[in-house]
> 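Pasting in a structure now, in structure tokens, and then I'll have a few things to ask.
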Amino acid sequence: MDKHIISTSPHIRSKLTSRRIMLDVLIALLPCCIAAIVFFGWYSLAIMALSVASCVISEIAYKIIEKKAWEDWSAVMNHIFSRFDFSSVVTGIILSLILPTRVNINGELALLPWYMPLLGGMFAILLCKMLFGGTGRNLVNPACAGRVFLFISYMSIMTACVGNCVISPLVELSVAEGEILSGATPLTALLEGNKTLSPLDLFLGTGVDGAMGETCKLAILIGYLYLCVRRTIKWYYPLMAIGASATLCLFMEGFDFSITLSSVLSGGLLFGSVFMATDYVTNPKSTLGNVIFFVSFGLLNAGLRKATGIEVTSFCLLIMNCITPLIDLVVPRRPFGFVRPAKGAKA
Amino acid sequence: MKKIKGFFYNRGVHVPDHKVASGKPIEVLPPPQVVSLSLSMGLGRPAEPLVAVGDKVRKGTLIGKSGGFISSNLHSSICGEVIAIATRPNATGAPETYIDIKNNGLDEVDYMEPLSDPGPDEIKKRVLDAGIVGMGGAGFPTAVKLSPKTPVDVLIINGAECEPYLTCDHRLMLEHSDEVVRGARYFAKAIGCKEIIIGIEANKPDAIEIFEKYDDIKVVELKKQYPMGGEKQLIYCTTKRKVPLGKLPADAGCNVQNVSTCYAACQAIEQGKPLIDRVMTCAGDGVKEPKNILVPLGTKLSEVVEFCGGQSEKEAAKLISGGPMMGFAMIGLDSPTKKTSSGLLLLSIDEIDTSVATPCLNCGRCADVCSMKLMPMNTVFYAKAGNFEMAAKMGGVMNCIECGACAYVCPAKQPFLQNIRLAKAELRKRG
């Protein structure tokens, strides 16, 4: 008998792999990384490197312990590296992009401490991803959870207090005229009816402080277009979230279009809905479930923003991630040729 | 009739064509020295042998009688002598009973009486006698299909040929369009339906053009998409009717017949020739010269490959009977052709999938392409965990047509079909 491979159909498969998807996401994140370096200097690159290193090393370390690598080093390491799918790199990059480079330590503006991205990455990968079963099994978006972890753990560092205004790092700060944390944030300013930055500045990220990857909306747009062209994400999902958020905002602000525009363009809404909410693992499986997910994400975002006055994208995403299994359970499946049973008929 | 566009169906995948043999005319394989005719050529119960070792048979002699309602007759495909009736492992390794016939070179024929202008019952009887089965791949006895329980008003000819590599139906439509149309007319008469539709994928414009010249045939140009040739998908795209879940096409008033089946029926009625040969495609990197060949049933696959110039320098890593999406892998080339062998593919290691499964990302691509709009990721998830009831409830596995589109697109290369078949088998066992 010849040596022929026996397996079930189909015998041919598409060239698309998980690794390819993750690389596509990394390519889409590249404009944001460049924008971060342009606007916030080389220290942002250091944060990215630390965050990625933390995530990747955590994942590999976890797998080494899980697979008991000391029993057979070469085989286990080969196993780990041949299956390495870059998802932890994506987590690391996203985590660093939603951190600010400048924070407030004891009332003074300082660079983000170097250990923060390390801790965030470890929390994200070890606690939020690997303990749940690794790639594909995490309940919440690891990067998002990592940021919220840092935010809550280092409240005094991550929230800058100048005067009476509380600023979360996700909220962009106006750094016009070289003043340190002098003005209110665009978002807070908006909520107070004070417009210091033009929508164009918000769009390009010029003169805006905040989380380093989120300020330049142009870069996010380029990444979004790339993901759509590569069909990594469905083009309408982020638009649904942003549209729902804008619509609710419009209603709450009494149909003031300039406030709505600025509201959409500030904070992490765009970045969150393009790169974080579209994480396959943590959003529903069906198209209808995803529509529910993204629309509620947008509505929650606008509503909580108005109610709290701070940037809440990460929190909204965590809430929606937790609801996702429920959405999957209740969204009905309608196979092709499904006939609705007649009312009153016995099942 | 002038072609019309098929209705839009948003499920399915785009698979590269690889239809290298589409320009090659059908060649006739010379009668082989020995044929091995399997008693279970089609779906259902095996036929009962009517001959004994030493019996002289002619081309077209009935050698196996249908073993039940869902079963089909078997005829000798060459003229010669029965040398053995033996049970041997078949292409997949399972035991199967074969009648081996040695060619005596006389090439005498023993066909049935040709029918001229037959009535519906005569057509049905002839299709039953000729042992015609669905030649698209399933091998369901055609005679059973011609007696639907509900009224049928549309006959759909399946010329989609959505499987990559395969070109036998395409060549048949080009070279024997008259016979195909006449066969379809006989089918329509037998069922009693007025309308005949032929669905052809857009990648075969020459075939579409040919069928446009018949006034009673409605030509539907289908989008090139796998699995367009699936019965339910074809019915939807040509008539916009949906076959209710768990029901047959007849419940939607449709009857679907493959192009090859129509051709075989035409020959059975007009020449009295039973189903003893079929057109098959031999392709893949592993053969020197891909061809479309008219092969007598029971020919050893190795002889078919020899006719195509033998194996090429590229080593065949996988032997497939049928198309690469739904066909099955074979252990060797020793087994003979059957009524359902639409293709013989010798695929090199570069062509086939050798990827290793990685964790599911939950990306939902499988649900996006599922031609039955199911949730394949749930099926795999629950079947792996051994919870088959949930696989049926959340994944809808019992409605799966096993087209393999989910496995094709999966970026994590999850073992979809294995788990789907496992779940189906387990659920059937439990009832």
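Chain A is the first sequence line, chain B the second, and so forth, proteins listed ahead of strands; every chain is numbered from 1.
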> So which heavy atom on A:Asp328 is nearest to which on B:Met394, and how close?
O-CE, 4.2 Å

> Answer with side chain, backbone, both or neither: which region of B:Phe381 has an atom nearer than 4.5 Å to a non-hydrogen atom of chain A?
side chain

> Is it the backbone or the side chain of A:Arg231 that comes under 4.5 Å from a heavy atom of chain B, or both, or neither?
backbone

> Measure distances from B:Ala357 to the heavy atoms of chain A and classify the residue's part below 4.5 Å as side chain, backbone, both or neither.
backbone

> Measure B:Met330 against the heavy atoms of chain A and call it side chain, backbone, both or neither at under 4.5 Å.
backbone

> Verify whether one side chain among A:Arg13 and B:Thr354 offers a donor that lies under 3.5 Å from an acceptor in the other.
no

> What heavy-atom pair brings B:Pro359 and A:Thr135 nearest, and what distance separates the two atoms?
CB-O, 3.4 Å

> Give, as side chain, backbone, both or neither, the part of B:Met377 having an atom under 4.5 angstrom from any heavy atom of chain A.
side chain

> Okay, side chain of A:His4, backbone of B:Gly332: is any donor-acceptor separation there less than 3.5 Å?
no

> Side chain from CB out, backbone as N, CA, C, O: work out which of these in B:Ser371 comes under 4.5 Å of a heavy atom of chain A, or both, or neither.
backbone

> Does CE belonging to A:Met122 count more than 12 external heavy atoms closer than 6.0 Å?
no

> Measure B:Asn378 against the heavy atoms of chain A and call it side chain, backbone, both or neither at under 4.5 Å.
side chain

> Measure distances from B:Met325 to the heavy atoms of chain A and classify the residue's part below 4.5 Å as side chain, backbone, both or neither.
both

> Indicate the atoms forming the closest heavy-atom contact of A:Pro10 with B:Gly404, along with that distance.
CG-O, 3.6 Å

> What distance separates A:Ile6 CD1 from B:Phe328 CZ, expressed to the nearest 0.5 Å?
10.0 Å

> Between B:Lys413 and A:Leu16 (side chain of the first, backbone of the second, donor and acceptor by atom type, cut-off under 3.5 Å), is there such a pair?
yes

> Working to the nearest 0.5 Å, report the span between NE2 of B:His18 and CD1 of A:Ile12.
6.0 Å

> B:Pro16 versus chain A, heavy atoms under 4.5 Å apart: side chain, backbone, both or neither?
neither

> Go through the atoms of B:Leu361 and report whether side chain, backbone, both or neither lie under 4.5 Å from a heavy atom of chain A.
both

> Decide if atom CD of B:Glu315 counts as having more than 12 heavy atoms of other residues, nucleotides or ligands within a radius under 6.0 Å.
no

> Got more than 12 heavy atoms from elsewhere within 6.0 Å of NZ, B:Lys223?
yes

> Closest approach of A:Ser7 and B:Lys318, non-hydrogen atoms and distance?
OG-NZ, 2.6 Å

> Working to the nearest 0.5 angstrom, can you tell me the gap between B:Asp368 CG and A:Thr287 OG1?
4.5 Å

> Just checking, is any N or O donor in the side chain of B:Asn362 or A:Lys285 under 3.5 Å from an acceptor N or O on the other one?
no

> Examine whether an atom of B:Ile349 lies under 4.5 Å from a heavy atom of chain A, and if so say whether it belongs to the side chain, the backbone or both; otherwise answer neither.
side chain

> Between CD1 of B:Ile320 and OG of A:Ser9, what distance do you get to the nearest 0.5 Å?
9.0 Å

> Over 60° means perpendicular and under 30° means parallel, so classify the ring planes of A:Phe336 and B:Tyr236, tilted if in between.
perpendicular

> Can you tell me which portion of B:Arg11 sits under 4.5 Å from chain A's heavy atoms? Options are side chain, backbone, both or neither.
neither

> Taking every heavy-atom pair that is under 4.5 Å apart, which of B:Ala367, B:Ala317, B:Gly396, B:Gly364 has the most such pairs with chain A?
B:Ala317

> Give the C-alpha distance, both sets of side-chain angles, the deciding distance and a yes or no for side chain to side chain contact (heavy atoms under 4.5 Å, CB included) between A:Phe338 and B:Met372.
CA-CA 10 Å; A:Phe338 177 82; B:Met372 289 303 292; over 6 Å; no

> Determine whether a donor-acceptor pair (N or O, by modelled atom type, separation under 3.5 Å) exists between the side chain of A:Ser14 and the backbone of B:Tyr408.
yes

> Which bit of B:Val356 comes within less than 4.5 Å of chain A, counting heavy atoms only: side chain, backbone, both or neither?
side chain

> Using non-hydrogen atoms only, which part of A:Arg334 is less than 4.5 Å away from chain B: side chain, backbone, both, or neither?
backbone

> Would you compute the distance between atom CD of B:Glu351 and atom NE2 of A:His11 and round it to the nearest 0.5 angstrom?
12.5 Å

> Measure the CD1-CD1 distance between A:Ile5 and B:Ile331 for me, rounded to the nearest 0.5 Å.
15.0 Å

> Counting heavy-atom pairs under 4.5 Å with chain A, which one of B:Gly327, B:Cys403, B:Ala412 comes out on top?
B:Gly327

> Which region of B:Cys370, side chain (C-beta onward) or backbone (N, CA, C, O), has a non-hydrogen atom less than 4.5 Å from a non-hydrogen atom of chain A, or is it both or neither?
neither

